[in-house]
Every structure is written in structure tokens, then in C-alpha cells.
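Report on one structure; see the data block that follows.
Everything quoted here is computed from the prediction, not taken from an experiment. By convention in this document, chain letters (A, B, ...) are assigned in the order of the sequence lines, proteins followed by strands, and residues within each chain are numbered from 1.
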Amino acid sequence: MDQVTVTLPDGSTRQMPMGTPVREVAASISPRLAAAALAAAVGDRVVDLTHPLEEDASVRIITKDGPEALELYRHSTAHLLAAAVTSLFPEAQCGIGPPTEDGFFYDFVVDRPFVPEDLEAIEAKMRELASLDLAYERKMMSKAEAKRYFADRGEPLKVQLIEEKGGPIVSCYTIDGVFMDFCTGPHVPSSGVLKAFRVLTSSNAYWKGDAKNQPMQRIYGTAFFTNKALEEHLTRLEEAKKRDHRKLGRELGLFTFHKWAPGATFWLAHGTTLWNLLAEYMRAMLFPEGYVEIRTPLVFNKQLWETSGHWEHYREHMFLVESEGEPYGLKAMNCPGHMLVFASEVRSYRDLPIRYYDQSVLHRNEASGVLAGLTRARQFCQDDAHCFVTREQIGDEVERLLRLVQRVYADFRLDFSVELSTRPETFLGDTKTWDQAEHQLEQALEASGQAYVVAEGQGNFYGPKIDFHVIDAIGRNWQCATIQLDYQLPERFQLKYIGTDNAEHRPVVIHRAIFGSFERFIALLIEHYAGAFPLWLAPVQTIIVPIADRHGDYAETVATRLREAGLRVEVDARQEKMGYKIREAQLRKIPYMLVTGDREAADNAVAVRHRTDGDQGACAVDAFIASALAEVRRRS
RNA sequence: GCCGAUGUAGCUCAGUAGGUAGAGCGCGUCCUUGGUAAGGACGAGGUCACCGGUUCGAGUCCGGUCAUCGGCUCCA
């Protein structure tokens with residue numbers, strides 16, 4: 001019989017009879033590996049353990065530690081879910097069921113939405129099927145055979161998928177006869193390896209994600225190799241719930257909402273303090289970089305939006321109003337207004353770059369179903385700026401911006417990743433200009449030492465962009481900063497500057513924001529810090545806790561001194577025991593509690609309690625002020 | 001916008017089989033002047049989201065509207 005040569009990751013080789021399933025490779029290495037094997041990588045293909053070796057190849061056995069393992073495991077768990085659903089709901093039609101970043105989902109057409117009891121029953125059924133250790137087997141069928149099979153099973157969506165995606169021979173997987181799915185695989189060898197999974201939620205989805213198609217019910221679940229990892233993930237979900245900015249925002253008195261202004265924030269005193277701190281911070285960062293702050297109208301005549309192109313492309317997201325028969329729109333972005341400011345004077349190349357910063361209120365008429373606290377609002381403010389530059393200045397300007405973004409996120413102790421998005425399939429302008437711009441962005445990224453990935457074809461139709469994804473304390477991603485080149489808007493507004501050659505030239509506009517929006521960034525900060533803001537951002541930095549009524553005057557004296565030093569202070573003079581006041585201050589996550597009693601009043605001191613480090617003992621008032629101010633400056 | 005769920009006191013929630021509402025926290029008054037996460041007593045507070053219907057009678061059943069939540073789609 002013909003032999004094939006198998007090369008293992010350590011470089012050693014083995015001869016196996018042609019057609020040997022890769023499972024045997026694992027077995028030939030060790031019984032332990034054979035038992036742990038989930039799949040195998042043959043060359044650069046990930047395959048089932050039953051995959052026959054037909055030619056010389058490098059083989060790597062995939063166990064739970066392999067990079068592809070979790071995705072594959074979750075995919076197999078999604079099949080198990082579908083098997084359970086079709087077993088409990090024979091009329092259910094299956095859609096698709098891929099693994100996701102945190103687990104998996106599977107879409108079904110059913111008569112009625114799933115209720116929590118259904119999900120429990122489905123999970124129980126999955127456990128039952130898992131405990132039976134049913135084999136996952138690949139079946140190759142002709143396209144016609146597969147279509148007939150799924151048509152007979154009452155799975156028209158699968159028939160459609162096979163028609164669209166299948167070759168002459170299609171790959172399907174069974175779970176020991178109880179379930180069959182059209183799927184390229186690979187899968188785990190049997191359901192017994194699926195141990196730590198959980199059905200989480202169900203919700204509506206549409207066939208192929210299009211609301212014009214038929215509605216389906218999506219079931220989300222998650223799966224891990226160990227119960228410990230599963231529990232940790234569920235704990236993380238709980239933690240995310242605890243940090244939810246909507247909950248903390250109410251508890252900490254930062255903001256509120258009212259049904260008469262859906263999607264618009266009422267900033268309460270403490271929230272406004274935070275907002276203003278961020279605004280002051282951003283101005284302090286931008287002014288030395290050559291930005292000037294401007295303020296532009298909120299309501300513009302339709303003609304502006306026609307010129308900018310928003311009337312054509314964005315009207316359904318705009319709040320429209322009318323005055324004396326003339327149509328107006330509330331601005332959804334600042335750029336068109338900034339174009340008018342640029343055009344309001346004759347510009348020379350000597351004036352460039354011009355950098356307009358604007359914290360104006362923006363309104364976007366978002367669909368009611370997508371509103372969510374501060375992260376998805378109808379009214380918000382961006383830390384928005386537009387840099388008007390010559391083509392030659394793009395690289396320098398972007399490089400300056402990259403360094404600025406790095407400094408800002410460092411101040412908030414936020415990690416982030418960077419993505420360069422290049423020319424999409426449909427774009428405006430010429431490819432030469434695009435190539436040049438992309439090259440300049442790349443060079444700027446290289447020069448700034450910033451690691452990044454390229455997202456091919458993900459740029460805006462009007463120019464390439466660099467996006468920043470902030471990673472918060474519990475590992476979630478938030479899209480914040482963006483740097484977008486725009487060749488179109490200057491064109492539409494006929495912007496020009498006079499060059500060294502005394503001729504008119506078109507400037508390029510760079511749209512850029514670092515926070516993104518104040519609303520979303522504050523939501524991020526609340527969840528990142530779990531409401532316990534660092535001293536420099538805490539709306540109330542210190543609370544003074546007099547022990548008894550007779551200490552009230554001294555407490556006020558201390559408070560005045562702290563305020564004069566620039567600290568944000570409250571005095572809790574209520575007739576409550578100090579344990580009560582301290583508990584409340586702890587729950588409000590106030591960084592410093594300063595207890596003032598007889599001893600402190602006598603020594604011109606305060607007894608310092610830190611919200612996380614506890615009782616720090618007595619400290620002279622001046623010494624406390626000095627150390628608190630130092631902490632504010634460190635932003636730690 | 002679409003699908004589903006939810007909407008009871010400022011907050012978190014009970015409310016059983018339709019018979020005009022309860023708790024804890026918070027709030028107010030009084031007592032207590034207390035040294036590092038809840039002292040005690042009494043009290044006020046609700047058109048049960050809104051509109052309409054069924055019924056002798058609706059927080060409870062039905063329809064509609066609005067908002068919120070979880071998703072879809074979209075996005076700062």
C-alpha cells in the first residue's frame with residue numbers, strides 16, 4: 001500500500017498508509033494526545049480527526065490549547081444547540097449558527113419566540129445529547145442529494161444555502177443521526193467533549209441580517225473548555241452589568257433621562273462637573289497643538305445640507321424644522337459649518353494648517369430601538385475638530401495627531417488598538433490621490449511607532465481613515481478616536497487657499513475626534529473605572545465627616561481651605577453617626593473621607609480615610625492638600 | 001424602524017383566582033452627639049406609564065400609544 005509522509009510540528013516525520021485518518025497520527029504519538037485531540041491541522045487546513053491522509057503533509061494535532069480550538073468547539077456547540085432545538089421543536093427551521101467572539105448563536109424560524117423556559121429545556125436537552133457522546137460525522141453528498149435531503153426535512157433555508165454556497169459535492173455533518181447540518185466544518189469528534197456551555201438569551205434576528213427577510217429567533221450561548229473558564233466568563237458578564245453606566249450614572253447622580261426627551265441626557269451637577277473637567281482637559285491638550293475653538297450654529301437651512309451632501313444621504317437621520325416656509329435641519333455633524341467658516345475669508349498657504357475645535361451639540365434622529373444610555377443618544381457633543389491642510393501637510397498633521405491620541409489615552413490609563421482603513425470598492429476621487437493619502441497615513445503610523453492593522457476596503461467613500469479601539473478594564477472594545485481624510489467636502493464647498501505659486505489650491509480636511517463623543521467617552525470612563533473615578537476626575541474629591549455637631553465649624557474651616565486650594569469638597573454635617581456617613585461616602589465612591597473630631601480640631605488636622613486603602617491616620621490639613629494636589633497632577 | 005420582554009412610591013421589588021395597593025432602602029420630624037461600611041421611634045409619599053375597551057367592579061383581562069431593556073440593522 002502507498003505510504004504518505006507526515007511531518008510533525010517538532011520536525012520529525014512518520015510514514016503512514018495512505019488514507020489513514022489523522023486521528024491515527026495522534027494515536028501514534030501518544031494515547032493521551034489521541035484522547036485530547038479535537039481536530040487537526042493538515043498543511044494549513046483545519047480538518048476533522050477522521051480526515052484521511054492522501055498525500056505527504058505537515059500535521060499538527062489540535063487540542064484545546066490550539067489557536068483554532070475554541071472557535072471550533074463553539075461551532076460544534078452551536079450544532080448541538082440546533083440538534084436540541086430541532087428535537088424539541090420539530091417544526092423549527094434552521095438558519096445559520098456560527099461561533100462568535102464570546103460564544104455562538106443559532107438562528108431558527110419558529111412559530112413563536114422562545115421563552116426562558118424553552119431556553120432551559122433546550123440547554124437540558126443539549127446536556128442530554130452531550131452526555132450520550134454522539135459522534136459528529138462528516139457526510140459528503142452531491143448537491144442534488146443534499147438539496148433533496150434538506151427539502152424533505154423541511155429545511156428550505158438550508159436548501160437555499162446549499163444552492164448559493166455549495167459546490168458539486170457538499171459537506172454536511174450529522175450528530176449521530178439526530179441532526180444534520182450543511183457545514184464545511186470541521187467539528188469535534190463527538191458531543192461528549194462539549195462540557196462547559198450555557199444557553200444565554202434569545203432575541204429576534206432576520207434571515208441574512210436583513211429586516212426585509214423573514215424574522216427568525218436567535219439563541220445565544222457560550223462555551224468554554226472548562227467550567228472554570230465558563231464561570232469566569234459569566235462572572236465577567238455580571239461585572240459588566242454592575243459597571244453599566246446607566247445604573248452607576250443614576251446611583252452616582254451623574255445624569256438622568258426623561259421619556260419626553262428620549263435619547264437626550266439631563267446632566268446633573270456631578271455629571272456636569274465631570275463633563276466640564278473633560279472639556280477643560282481637552283482644551284488644555286489642543287490649544288498648545290495650534291487648535292482654535294469656534295462655535296457654530298445648531299440649525300442650518302436645507303441649502304447647507306444640500307451642499308454638503310447630507311440632504312441626499314443623511315436626511316432620515318436629521319431633525320428637520322421649518323421656519324417661514326423654509327426647511328431647516330439640526331446639525332448632525334459640525335463639518336459643513338466649519339467649511340463655511342474656512343470659506344469666510346481668503347486663506348493663504350501661510351495660514352495652514354487651520355485647526356477648528358468645536359464642542360457644539362449635535363442631533364441625530366436615531367431609530368428608537370437603538371437608543372442606549374449615553375452610548376447611543378440622539379443628542380451629544382463630540383470633541384470634534386477639522387484640520388485644513390495642504391496635501392503635503394497630511395503626513396505631519398496625522399503624525400502629530402497620533403502622538404496626541406497616545407498621550408490622551410495614557411492619561412486615562414486606557415489601552416487601545418489602531419486600524420488603518422483603506423479604499424473601499426465604491427469611492428470618490430482618483431486612485432492616485434487615494435494611494436498617496438494611504439501612503440501618508442502609513443508613514444505617519446510608522447513614524448509614531450504605533451502598532452496597527454490594515455482593514456482593506458474599510459475606508460469612507462470620501463477618504464481613508466485611522467480608527468482607535470479603546471480596551472477597557474474588563475477587556476471590552478470601544479470605538480473612540482478617529483482620524484479621517486476628506487477630499488470631497490472641500491470640493492463640494494469649493495474651498496481654496498492661495499499657494500506659493502499665487503494660484504488657488506484645494507485644501508484637504510482631516511476630521512478627527514479623540515474622545516469620540518463626550519457622552520460615549522463618559523460612559524466608557526464610568527464602566528472602565530466602575531464609577532470609582534481617579535482623584536482628578538472625581539466629581540466630589542473629598543468629603544468631610546464631622547463626628548458630632550460641635551465639629552461642624554472646624555469641618556467648614558477645613559472645607560474652605562481645601563476649596564481655596566482647588567479641591568472639590570463636600571461637608572456631611574447631618575446628624576448621623578460617622579459609620580453611617582462613611583458607608584454612604586464609600587458607596588458614592590468618593591476618593592477621600594476626612595474625619596474631623598476633637599483630636600483633629602485641636603491639631604489642625606484631618607483623619608484621612610481612602611476609599612480603597614482605608615484609614616490612613618491623622619494628617620495636617622496642609623499636608624493633605626499638598627498630597628491630594630500632587631495626586632491630581634499625576635492623574636493617578 | 002423591526003422582533004421580544006418590561007413599565008406598581010425617589011430607588012430595588014412584592015401584589016396570590018379581576019373586589020379602588022405593600023416591603024426594604026431613601027425622605028421628613030423627634031430622640032440619640034455617636035471615632036472609620038447602616039442607632040431608635042413616629043410619619044409623609046402612589047391618577048399602579050398613558051389612552052381606550054370588556055366588566056357591577058381592572059394594577060390584574062383585551063387593543064393602541066409612549067418609554068426602557070435584550071437583540072437585529074445602524075452608529076460618536
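Between M282(A) atom CE and A76(B) atom C1' the separation is 13 Å, expressed in whole Å. A76(B) atom C1' lies 4 Å from atom CZ of R520(A), rounded to whole Å. Between R583(A) atom CZ and G26(B) atom P there is a gap of 8 Å when expressed in whole angstrom units. Taking atom CG of L587(A) as the reference point, atom C1' of C11(B) lies 13 Å away to the nearest angstrom. Atom NE2 in H258(A) sits roughly 15 Å away from atom P in A49(B) (whole-Å rounding). Regarding R378(A), its CZ atom lies at a distance of 18 Å from the P atom of C74(B), rounded to whole Å. As a whole-Å value, the separation of L119(A) CG from A5(B) C1' is 12 Å. To the nearest angstrom, C1' of A76(B) lies 15 Å from CD1 of I483(A).
No salt bridge links R355(A) with E289(A); every basic N to acidic carboxylate O contact stays at or beyond 4.0 Å.
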Could you go through residues 249-269 of chain A and list every donor-acceptor pair under 3.5 Å that involves a side-chain atom there, pairing it with any protein atom two or more places apart or in another chain?
unit_1  : atom_1 : unit_2  : atom_2 : d
E251(A) : OE2    : K247(A) : NZ     : 3.3
H258(A) : ND1    : W260(A) : N      : 3.0

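Nucleic acid contact class of R599(A) (heavy atoms, under 4.0 Å, all strands): base. At a threshold of 4.0 angstrom between heavy atoms, the contacts of L371(A) are confined to the sugar-phosphate backbone, with no base atom among them. Across all strands, P215(A) comes closer than 4.0 Å to no nucleic acid atom at all (heavy-atom distances). Note on E251(A): nothing from the nucleic acid sits closer than 4.0 angstrom, heavy atoms only. Counting non-hydrogen atoms under 4.0 angstrom, G579(A) reaches the backbone sugars and phosphates but no base. Within the 4.0 angstrom heavy-atom criterion, only backbone atoms of the sugar-phosphate kind lie near Q382(A); the bases stay farther away. D384(A) comes within 4.0 angstrom of nothing in the nucleic acid, heavy atoms only. Using a 4.0 Å heavy-atom cutoff across all strands shown, S368(A) reaches at least one base atom of the nucleic acid. Residue A513(A) is classed as having no contact, given no heavy-atom separation below 4.0 Å to the nucleic acid. Within 4.0 Å of A607(A), counting heavy atoms only, lies at least one base atom of the nucleic acid. F515(A) comes within contact range of no nucleotide atom at all, as no heavy-atom separation falls under 4.0 Å.
In terms of phosphate contacts, Y580(A) brings a side-chain nitrogen or oxygen within less than 4.0 Å of OP1 or OP2 of G26(B). Phosphate contact (OP1/OP2 of G4(B), side-chain N/O of S203(A), threshold under 4.0 Å): absent. Under 4.0 angstrom from either OP1 or OP2 of A37(B) there lies at least one side-chain N or O belonging to R609(A). The phosphate of G10(B) has neither OP1 nor OP2 within less than 4.0 Å of any side-chain N or O from R250(A). Note on R574(A): every side-chain N or O is 4.0 Å or more away from OP1 and OP2 of U33(B). The phosphate of C69(B) (OP1 or OP2) has a side-chain N or O of R246(A) nearer than 4.0 angstrom.
With G34(B), A67(B), A76(B) as the candidates, the nucleotide lying closest to the side chain of A548(A) is G34(B). For A205(A), counting side-chain heavy atoms from C-beta on, the closest listed nucleotide (A67(B), C72(B), U68(B)) is C72(B). Counting only heavy atoms from C-beta on, R364(A) has its side chain closest to A76(B) among A76(B), U36(B), G1(B). Checking U36(B), U73(B), U32(B) against the side-chain heavy atoms of V370(A) singles out U73(B) as nearest. For V595(A), whose side chain is taken as the heavy atoms from C-beta onward, the closest listed nucleotide among U68(B), U33(B), U36(B) is U36(B). Out of G34(B), C75(B), G1(B), the shortest distance to the side chain of D549(A) is found at G34(B). Residue K577(A) places its side chain closer to G39(B) than to any other of A37(B), A76(B), G39(B).
Ring centroids of Y462(A) and F427(A) are separated by 6.0 Å or more, keeping the two rings apart. Aromatic rings from F518(A) and F515(A) are positioned such that their centres are separated by under 6.0 Å.
Donor-acceptor pairing under 3.5 Å, judged by distance alone, is absent between the side chain of R218(A) and the base of C3(B). Side chain E600(A) to base G35(B): a donor-acceptor pair is found below 3.5 Å. A donor-acceptor contact under 3.5 Å links the side chain of N204(A) to the base of G71(B).
Rounding to the nearest 0.5 Å gives a distance of 4.0 Å between CZ of R283(A) and CD of E293(A). Distance check, rounded to the nearest 0.5 Å: OG1 of T482(A) to CG of D467(A) gives 4.0 Å.
Residue D615(A) is the one, among G516(A) and D615(A), whose nearest nucleotide of RNA chain B lies closer to the 5' end (criterion: closest heavy atom). Between Q379(A) and Q217(A), the residue whose closest nucleotide on RNA chain B is further toward the 5' end is Q217(A).
Separation of the C1' atoms belonging to C48(B) and C13(B) is 14 Å when rounded to the nearest angstrom. Rounded to whole Å, the separation between the C1' atoms of C75(B) and A17(B) comes to 49 Å. Taking atom C1' on both nucleotides, G1(B) is separated from U65(B) by 16 Å, rounded to a whole Å. As rounded to the nearest Å, A14(B) and G7(B) have C1' atoms that lie 15 Å from one another. Across the C1' atoms, G10(B) and G28(B) are found 14 Å apart, a figure rounded to whole Å. Atom name P, nucleotides G19(B) and C62(B): the rounded distance is 16 Å, in whole Å. Nucleotides G46(B) and A21(B) are separated by 13 Å at their P atoms, to the nearest Å. G59(B) and G18(B): their P atoms are spaced 13 Å apart (whole Å).
Annotation: E71(A), atom CD; neighbour count of heavy atoms from other residues, nucleotides and ligands within 6.0 Å does not exceed 12.
Side chains of Y281(A) and D411(A): a donor on one and an acceptor on the other come within 3.5 Å. For the residue pair H610(A) and Q616(A), no side-chain donor N or O sits within less than 3.5 Å of a side-chain acceptor on the partner.
When all heavy atoms are compared, the tightest approach of Y357(A) to A385(A) is CA-CB, 3.9 Å.
Within the structure, the side chain to side chain donor-acceptor pair (under 3.5 Å) test picks out the following pairs touching residues 567-581 of chain A (sequence neighbours left out): E570(A)-R588(A), D572(A)-R574(A), R574(A)-E584(A).
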* Asked: Given the rule that a pair is Watson-Crick or G-U wobble with both distances under 3.5 Å, how would you write RNA chain B in dot-bracket, using | for pairs to a different strand?
  -> (((((((..((((.....[..)))).(((((.......))))).....(((((..]....))))))))))))....
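Cation-pi contact between R218(A) and F105(A): present, with separation from the ring centre below 6.0 Å and deviation from the ring axis of at most 45°.
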